[in-house]
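Inspection log for the structure reproduced underneath, given as structure tokens.
Sequential numbering from 1 along the given sequence is applied to the chain's residues.
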Amino acid sequence: MTTNARIVTDVLQPRNVLLVGMLAIGLAAAGDWTGLPWGLLAALCAGLIPAGYIEWERRRGTWDDRHVVDRTKRAPIFFVILGSIGTGSVIMLLGNAPTGIVVTMLALWAMTVLLLAINTVWKISVDAAVASAVVALLAVVHSPWWLLGYAMTTAVCWSRVALNHHTPAQTIAGATLGAATATAFLFA
């Protein structure tokens with residue numbers, strides 16, 4: 001079971017979920033292929049740059065692995081994410097990106113602020129929050145059929161608990177926060 005949980009958590013890590021999700025959101029926001037570069041920029045800023053930072057710090061010995069299980073060591077990651085998403089959002093605004101992708105970035109930024117605040121007092125699952133937010137965002141900008149993607153979110157939650165990185169409450173809280181933040185921004 002641990003092997004399956006490790007595979008699920010590695011395949012469905014935030015970097016990968018954001019890469020696929022932001023490309024699809026960019027496509028939907030623009031209505032054609034011109035949204036793909038915006039989606040790629042969103043994936044770069046929201047997922048790939050933060051993942052690169054985590055890997056860089058891991059290689060330096062700051063953290064044992066990409067999961068940064070000790071919540072007291074997570075603050076720098078959140079600040080890198082906020083800076084990266086903020087920079088990407090400014091580039092999108094200056095470049096007249098489709099509104100849907102800009103709103104998506106702002107929703108991810110707000111979610112990160114909330115994750116940071118909660119993380120100061122309680123460990124919450126970032127993986128579950130990202131998986132849930134991406135599903136909710138896709139359901140709003142593409143089609144409600146994307147809600148079937150919550151099977152993926154459930155798998156992420158299961159894997160985080162099975163690996164003893166989180167409790168069920170921490171994954172449920174993360175998934176709830178991700179969905180709530182995403183839908184609040186897109187329906188505003």
Has the side chain of Ser84 got a donor or acceptor atom that lies under 3.5 Å from a matching backbone atom of Val80?
-> no
Partner of Leu163 under side-chain contact (heavy atoms from CB on, under 4.5 Å), chosen from Val69, Thr9, Val8 | Thr9
With His166, which of Thr171, Ile172, Val126 fulfils side-chain contact (heavy atoms from CB on, under 4.5 Å)?
-> Thr171
Just wondering, do Ser132 and Tyr150 contact through their side chains at under 4.5 Å, heavy atoms?
-> yes
Non-hydrogen side-chain atoms of Val141 and Leu137 separated by less than 4.5 Å = no
Option passing side-chain contact (heavy atoms from CB on, under 4.5 Å) with Thr153 (candidates Val134, Leu12, Val135) = Val135
Shared hydrophobic cluster for Leu108 and Phe79 (ILVMFWY, side-chain gaps under 4.5 Å) | yes
Check Arg71 against Thr120 and note the closest heavy-atom contact, atom names and distance.
-> NH1-O, 3.0 Å
State whether Trp56 and Arg58 meet the cation-pi test: NZ (Lys) or CZ (Arg) under 6.0 Å from the six-membered ring centroid, and within 45° of the perpendicular axis.
-> no
State whether the side chain of Glu57 and the backbone N or O of Ile54 hold a donor-acceptor pair below 3.5 Å, judged by distance alone.
-> no
Does the pair Asp127 and Ser125 meet the rule for a side-chain hydrogen bond (donor to acceptor under 3.5 Å, both in side chains), with working shown?
-> CA-CA 5 Å; Asp127 290 52; Ser125 176; 5.1 Å; no
Is there side-chain contact between Leu36 and Leu40, with at least one heavy-atom pair below 4.5 Å?
-> no
Are any non-hydrogen side-chain atoms of Asn119 and Leu115 less than 4.5 angstrom apart?
-> no
